[in-house]
Amino acid sequence: MCYHIKQTTALDILAEKMGLNEPKGNYQDLFEPESHINGYSFSWVPILTNENPRQMKLGKWWLMPSWEKEWNNKLRNTLNTRVEKIEEHRSICYKYQENHATLLVDGFYEWQHVASVNKKGKKEITKERHLIIMPKGDPFHLACLYADWFFPEIEAIIKTVSVLTRPANTLMAHIHNSKKRMPVILDNENANNWLSGHLEVNDFIEMDDYFESLPLDALKR
DNA sequence: CCAGACGTTGTT
DNA sequence: GTCTGG
DNA sequence: CCAGACGTTGTT
DNA sequence: GTCTGG
């Protein structure tokens, strides 16, 4: 799973670092860099879509299916989408073959379950938070699907995204040891492949070597 | 033909 | 919107 | 994960 | 105790 991210980079710096255009319009005021963004806060987050892969946009992290008329975050959880399930289920993003996006992050958080014994000799499970980053803390991509959705609150069509998840690689299985999942982490090259349609959702089920070889660092914090 | 589903799994 | 199950 | 709820109403 | 909602 992946519900918690870090994105502390101002949008202009982020654009410069990644060779992107800054978001257009007034929406850029909606994004606040935060060291910890909880998916359940339904935040605006910096994203890219296949419509124009060099144009950074702000989207809502919580895919809202196009047939929903009102904001609805109760019927189903759309923060994540499991890559193995997308074909076997009717999907919330029925345009999953077309609507590729990425979420730009500095890192994401996972909690490791650690067995311990308390003072009374009782077994407990404590949770240690880990920040997962790329070398030098450089920003990277999480693969997403998006849906266009008319947001009544601002009377505009917005992008809503769901982060793809897959079985954990060795490092992530060690940290996220309860569910053993990981988000689909994309380096710049694979982000381009994803946004240009050279990668499909199903490819992320495979590609074990790529996911094993990611130069990730996990920091306790 | 209509009704119902459509998703995931978690902290400070 | 689109598919599935009855 | 934690906080909060935890119920019923009615025909062929 | 167990489920639901966020």
Side-chain angles (χ1 to χ4, degrees), chain A residues 1-8 32-45 49 51 59-101 103 105-116 118 122-133 142-153 157-169 172-185 201-202 204-205 218-221:
Chain A
M1 104 301 299
C2 177
Y3 286 179
H4 304 270
I5 59 168
K6 170 180 161 129
Q7 184 44 280
T8 47
E32 277 296 320
E34 299 273 7
S35 61
H36 182 178
I37 297 172
N38 180 343
Y40 275 118
S41 60
F42 315 118
S43 306
W44 292 94
V45 286
T49 73
E51 289 176 341
K60 278 260 172 192
W61 185 12
W62 182 276
L63 190 147
M64 195 58 79
S66 53
W67 61 88
E68 296 282 359
K69 295 283 180 275
E70 302 292 328
W71 181 263
N72 181 345
N73 52 252
K74 290 170 190 166
L75 245 55
R76 59 188 76 81
N77 176 344
T78 66
L79 289 174
N80 292 170
T81 297
R82 298 167 70 101
V83 295
E84 315 94 300
K85 298 281 183 188
I86 191 127
E87 285 198 326
E88 98 183 42
H89 290 304
R90 284 182 294 276
S91 173
I92 45 167
C93 187
Y94 63 94
K95 293 186 173 172
Y96 68 90
Q97 293 174 47
E98 303 159 37
N99 292 2
H100 294 188
L103 170 57
V105 301
D106 290 338
F108 62 92
Y109 296 99
E110 290 294 358
W111 279 259
Q112 184 174 36
H113 290 207
V114 181
S116 60
N118 68 13
K122 276 194 170 179
K123 285 181 186 170
E124 282 186 334
I125 292 194
T126 55
K127 282 141 201 163
E128 284 194 352
R129 190 172 78 167
H130 294 252
L131 171 65
I132 291 84
I133 57 169
L142 301 180
C144 295
L145 296 172
Y146 77 88
D148 285 317
W149 190 69
F150 180 78
F151 191 16
E153 202 173 295
I157 291 170
I158 63 168
K159 305 287 180 198
T160 66
V161 302
S162 179
V163 172
L164 294 175
T165 66
R166 72 182 304 284
N169 67 7
M172 289 309 302
H174 179 64
I175 293 164
H176 187 22
N177 52 356
S178 54
K179 304 292 181 195
K180 300 197 160 103
R181 306 285 301 170
M182 71 185 289
V184 174
I185 298 164
V201 174
N202 283 341
F204 298 135
I205 305 172
L219 312 172
K220 283 189 192 179
R221 56 173 64 172

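First the proteins, then the strands, lettered A, B, ... as listed; each starts at 1. For the numbers below, each heavy atom of this structure counts, side chains included, while hydrogens, waters and symmetry mates do not.
The side-chain contact (heavy atoms from CB on, under 4.5 Å) search around A:Ala143 returns A:Leu164, A:Val184, A:Leu186, A:Trp194, A:Phe204, not counting sequence neighbours. Residues satisfying the side chain to side chain donor-acceptor pair (under 3.5 Å) criterion with A:Glu34, sequence neighbours excluded, are absent altogether. The side chain to side chain donor-acceptor pair (under 3.5 Å) search around A:Gln97 returns none, not counting sequence neighbours. Judged as a side chain to side chain donor-acceptor pair (under 3.5 Å), and not counting sequence neighbours, the contacts of A:Arg166 are A:Asp208. Among residues two or more places apart in sequence or in another chain, the ring-ring contact (aromatic ring centres under 6.0 Å, His included) test is passed with A:Tyr94 by none. Here A:Arg221 pairs with A:Leu131, A:Leu219 under the side-chain contact (heavy atoms from CB on, under 4.5 Å) rule; sequence neighbours left out. Residues forming a ring-ring contact (aromatic ring centres under 6.0 Å, His included) with A:Tyr109 (at least two apart in sequence, or on another chain): A:His36. Partners of A:Glu98 by side-chain contact (heavy atoms from CB on, under 4.5 Å), not counting sequence neighbours, listed by chain and number: A:Lys95. With sequence neighbours excluded, the residues satisfying side-chain contact (heavy atoms from CB on, under 4.5 Å) with A:Lys220 are A:Glu128, A:His130.
Residue A:Lys85 contributes atom NZ, which lies 10 Å from atom P of B:dG7 at whole-angstrom precision. A:Leu145 places its CG atom 11 Å from the P atom of B:dG7, with the value rounded to the nearest Å. Put simply, CZ on A:Arg166 is 15 Å from P on B:dT8, counting in whole angstrom units. Atom CE in A:Met182 sits roughly 14 Å away from atom P in B:dT9 (whole-Å rounding). Residue A:Glu34 contributes atom CD, which lies 13 Å from atom C1' of B:dT12 at whole-angstrom precision. For the pair A:Glu68 CD and B:dG7 P, the interatomic distance rounds to 12 Å; values are reported in whole Å. Atom CG in A:Leu79 sits about 10 Å away from atom C1' in B:dT9, given to the nearest Å. Atom CG of A:Leu63 and atom P of B:dG7 are 10 Å apart (whole Å).
Counting non-hydrogen atoms under 4.0 angstrom, A:Ile92 reaches the backbone sugars and phosphates but no base. At a threshold of 4.0 angstrom between heavy atoms, the contacts of A:Trp111 are confined to the sugar-phosphate backbone, with no base atom among them. Using a 4.0 Å heavy-atom criterion, one finds that A:Thr81 contacts the sugar-phosphate atoms exclusively.
Mapping A:Trp67 and A:Glu110 onto DNA chain B via the closest heavy atom, the residue that lands nearer the 5' end is A:Trp67. Toward the 5′ end of DNA chain B lies the nearest nucleotide of A:Thr165, the other residue of the pair A:Thr165 and A:Arg129 mapping further downstream.
In plain terms, the two heavy atoms of A:Trp62 and A:Asn72 that are nearest each other are NE1-O, 3.6 Å. The minimum heavy-atom distance between A:Lys180 and A:Ala173, with the atom names listed, is CE-O, 4.0 Å.
Taken from CD1 in A:Ile132 to CG in A:Asp106, the straight-line distance is 13.5 Å, to the nearest 0.5 Å.
Spacing of C1' atoms, B:dC6 relative to D:dT8, comes out at 31 Å, to the nearest Å. As rounded to the nearest Å, B:dT9 and E:dG1 have P atoms that lie 27 Å from one another. Across E:dG5 and B:dA5, the matching P atoms stand 14 Å from one another, rounded to whole Å.
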Any protein N or O atoms within reach of nucleotides 1-3 of chain D? Criterion: under 3.5 Å, listing atom names and distances.
residue	atom	partner	partner atom	Å
D:dC1	OP1	A:Lys127	NZ	2.5
D:dC1	O5'	A:Lys127	NZ	3.3

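The phosphate of B:dT9 has OP1 or OP2 within less than 4.0 Å of a side-chain N or O from A:Arg82.
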Return one dot-bracket line describing DNA chain D 5' to 3' (Watson-Crick or G-U wobble pairs, both distances under 3.5 Å; ( ) same strand, [ ] crossing, | another strand, . none). ||||||......
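A:Glu110 and A:Lys179 are not joined by a salt bridge, as no carboxylate oxygen comes within less than 4.0 angstrom of a charged side-chain nitrogen.
Of the listed nucleotides (B:dC6, B:dG7, B:dT8), B:dT8 has the atom at the smallest distance from the side chain of A:Asn80.
First and last contacting nucleotides of DNA chain C toward chain A (any atom under 4.0 angstrom from a heavy atom, 5' to 3' order): C:dG1 to C:dT4.
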